[in-house]
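Below, each value reflects all heavy atoms present in this structure, side chains not excepted, and no hydrogens, waters or symmetry copies. As the structure lists them, so they are numbered: ligands from 1, and atoms in each ligand from 1.
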Amino acid sequence: MTMDDSRINIIELKSGQRNSRAARAVSRSPLPGEIPLIDVSPIYTPGNTEGLARTGRAIAEACQRIGFFYATGHSVAPLIVDNAFSAARTFFALPLEERLRIKLNDRHRGYMPMGDTTVPGYAANLHHSFEMALDLPVQDPDVLAGKPLHASNVWPELAGFRDAVEACYDAGCRFGFHLLRAMASSLDLPDSYFQALYRDKPLASMRLLHYPPSPDPVDAQDDFGIAPHSDYGVLTLLLQDETGGLELLTRGGEWIQAPHVPGAYVVNIGDLMGIWTNDRYTSMQHRVRNTGERDRYSIPLFYNPSFDTRIACLPGCATSTQPAKYAPERMGEYLLANFNRVWESYKRPTPGD
Ligand SMILES: O=C(O)CCC(=O)C(=O)O
Ligand SMILES: [Fe+2]
């Protein structure tokens, strides 16, 4: 397989098992219930305190044990999901020159070419992506002020693409916003605790990802679709197609497959949730190996609160025997510290620019 672009950027992801044999170990099928399937529909019924508490308890169990769960009953219409995947397939089938017309900008919107991201210690990830986030008008005061990450999206000239992607983004954000009530309940916090931090311009960004088929990295040069990493934000809501290839590291140190479950989102917690909960909910590593014959598409939504949110140990998560382990972080600055490593190389002129 040829790389679209030979420049390699670094996405500094927490990768505890960097390039070790364990990180390349073969995966197994999950045991029944090992990645729990949680019906989250009570999040949509105001006043259903019992249902919300039940969902919260299931989420607490999942987050503490494995850091991932499948969510059903999320109210995102199948047609919205299908349309977004169709849009992704059409976009990645465009000639490279077309995709490069909207190359990733300094507000982290646009097309990120194949081979442009690596997890330290690994070969370049074998995927490329379309990146978008909250779409703010040019006259928005934060956009005018040049506040980082606040911008309008950029779009390819492709009929129907924008509508399909925006519908998926809006529906995913609505789901995330409701899910925050159950996340709060899972931590014995008032239902609206997290929602209050997401009301004003949340840093919610979505990627359309394409992974071409690639050789098995266990025997080859670590050519993962995406190498082992944990997500650095708060909450990730992932749609994946039927291809499979997503794998999770269990707390016992085994890699297990997280196959496509029809109609379900894969939900996982990121590193910032570990800071918030003092590691009650610790992010877990995951990776993608697309070793079959098929192209794989996925759509993660990184659902994070507003730029100025201060992420510090939550009430109830520190005790006298377990004091807060982490210094507080500011949401936007924390994300920027991670993104900047990518941006640096995008600011450099490349041949043909
Ligand atoms: O494509 C997937 O299933 C996972 C993507 C992922 O882990 C990421 O973008 O952080
Ligand atoms: Fe990830």
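- F91 has its ring centre less than 6.0 Å from the ring centre of F130.
- Between the side chains of S283 and D271, at least one donor N or O lies within less than 3.5 Å of an accepting N or O.
- Figure legend: R28 and W255 shown without cation-pi pairing, the cationic atom not lying both under 6.0 angstrom from the six-membered ring centre and within 45 degrees of its axis.
- Residue-level contacts of ligand 1 at the 4.0 Å heavy-atom threshold are R207, L209, Y211, I226, H229, D231, L238, L246, H286, V288, R296, S298, P300, F302.
- A cation-pi arrangement is present between R296 and Y211 under the rule of less than 6.0 angstrom and at most 45 degrees off the ring axis.
- Listing protein N, O or S atoms at distances below 2.8 Å from the Fe ion (ligand 2), with waters left out, gives H229 NE2, D231 OD1, H286 NE2.
- Donor-acceptor pairing under 3.5 Å is lacking for the side chains of Y303 and S205.
- Qualifying side chain to side chain contact (heavy atoms under 4.5 Å, CB included) partners for P95, counting only residues two or more places apart in sequence or in other chains: E97, E98.
- Here the two rings, on H286 and H229, have centers that are under 6.0 Å apart.
- Take H178 and apply the ring pair (Phe, Tyr, Trp, His ring centres under 6.0 Å) test, not counting sequence neighbours, and it matches Y44.
- Residues Y326 and D279 bring a donor and an acceptor atom of their side chains to less than 3.5 Å of each other.
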